[in-house]
Amino acid sequence: MNTPTNVINSEDLMALGYTPGRAFGVALRTAGKHQRLGKETLLAQLADVLAAPEAYAAHAVYGKLANALIEAAAMADIAPIPLREAGTGYAVYGESHIEPGARAQMDVAMQLPVAVAGALMPDAHQGYGLPIGGVLAVDNAVIPYGVGVDIGCRMALSIYDIPETFFVEHHARFKRELIAQTRFGAGHGFKPHERADHQVLTDEAFGMNPFVANLKDKAWAQLGTSGGGNHFVEFGIIEFPAADEPLGIPAGKYLALLSHSGSRGLGATIAGHYTKLAKELCHLPSEARNLAYLGLDTHAGQEYWQAMTLAGSYASASHDIIHRKMAAALGAEVLARVENHHNFAWKETWNGQEVVVHRKGATPAGKGVLGIIPGSMTAPGFLVRGKGEAASISSASHGAGRQMSRTQAIKTISRDAMKATLKQHGVTLIGAGLDEAPMAYKDIHTVMAAQTALVEVVATFTPRLVRMADDGSRED
DNA sequence: ATGTCC
């Protein structure tokens, strides 16, 4: 649908000299509400309000905007919270494979007045604020962009009492169920009659405030869906070279289901809302803008923590539904389940100190803690057990990490080359674009070699039947 | 990452 040309948009406001911030949003809403005044008139008046907000402070139409502008001007005069001149040092794993941009972002994070300790995982790359693969321990505060946009993004693994031979013989049936029991695509959810029920829908945090309450219906529709990007659900063969007693798995090969997804629209909306709020409440110098933090003893900080926790429970519930549905459809016995968040913040003790540990694309690897580190659709993933290494703040990588950007991958990898790689590895793929091609990722073995001090490998998972979101670029 | 707000 085309946008009517008489509507004032962000570009119009920018042209008038409005800059991003709270007043910007007020200006957009004011213009939207008073469209009947006509675009020309609105533009002229908006320019006038910007030039002299004091004159409009009590105006019926522009009063709210004028006051927002006055407030913004007053806020701009407040000096930003200074960063420390020298940041605390931090451990870097697999340094030679980490892009300089990720290092630079981590350097800035370590200069935050609340920073206690940090570490960069061997799959690290640049993100918003904290790099992906960045681990940051801070004192009594939480950084929304230190958790990431996809709050609670996680891995979940079900190990079935099904031998490899059965999977090979009934490949078509597994493919059919993988399509039937999963749902992919940005914005996609289930129709009312398809929706799954889950305990998480009764979580009291959905009633914590009107903002979160408004997200519940879409969250319900998207519960049990996987979304897009690098998210997947796949069957593969997991091999235990030796029996694992804590898990109760004898040595051998088993069919397993591995899923990677997060909190969908719910978490993304929460992340966006509280990042914006944090930036309004926590003024940092421009290079640290996206690291705005909320004190845990403030109302806003507690609200974010509660909303983040909800998004985490919701992401877990989505995996639970996927795994439950699949086990039921297959009539499979589940021998073991393993799962772990890799975009989240935790209250932990580090070197005897109470800290808030942000892992943004990093696997928790406390002593004895199980985690899953995927490779790519044709490279193995690993079931690992953490070693509790203090220097890594008990963390490890959350995957292989990209070696090519999405655009670079689409430009340089051919569909034939991707097909050949899949065939060579005996992998059947449903969906996915060239930006998710195995060649776009780093070599997982190199990444694992850089973190032998952080985790030990318990079992190796080899993908065989993979589903990802359809390639958007082919639908155009 | 998300049905894309600035």
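Reminder, nothing fancy here: chain letters follow the sequence lines and each chain counts from 1.
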(request) Quick one: sort the Tyr128(A) and Tyr145(A) rings into parallel, tilted or perpendicular, breaks at 30° and 60°. (result) parallel
(request) Please determine if Arg195(A) forms a cation-pi arrangement with Phe190(A), meaning its NZ or CZ atom is less than 6.0 Å from the six-membered ring centre and no more than 45° off the ring axis. (result) no
(request) Have a look at Arg29(A) and say if it touches a base, only the backbone sugar-phosphate, or nothing, with a 4.0 Å heavy-atom cut-off. (result) nothing
(message) Main chain of His398(A), side chain of Asp123(A): is a donor-acceptor contact present, judged purely on distance under 3.5 Å?
(response) yes
(request) State, to 0.1 Å, how close Leu46(A) and Tyr18(A) come at their nearest heavy-atom pair, and which atoms those are. (result) O-OH, 2.7 Å
With the criterion being N/O to N/O and under 3.5 Å, what pairs connect the protein with nucleotides 3-6 of chain B, and how long is each?
{"residue": "dG3(B)", "atom": "OP1", "partner": "Lys218(A)", "partner atom": "NZ", "Å": "2.9"}
{"residue": "dG3(B)", "atom": "OP2", "partner": "Gly187(A)", "partner atom": "N", "Å": "2.8"}
{"residue": "dG3(B)", "atom": "OP2", "partner": "Arg264(A)", "partner atom": "NH1", "Å": "3.3"}
{"residue": "dG3(B)", "atom": "N7", "partner": "Ala186(A)", "partner atom": "O", "Å": "3.1"}
{"residue": "dG3(B)", "atom": "O6", "partner": "His188(A)", "partner atom": "NE2", "Å": "3.1"}
{"residue": "dC6(B)", "atom": "O4'", "partner": "Ser10(A)", "partner atom": "OG", "Å": "3.4"}

(request) Round to the nearest Å and state the distance from Tyr128(A) atom OH to dT2(B) atom P. (result) 14 Å
(message) Treating Lys360(A) as the side-chain partner and Ile132(A) as the backbone partner, does any N or O pair qualify as donor plus acceptor under 3.5 Å?
(response) no
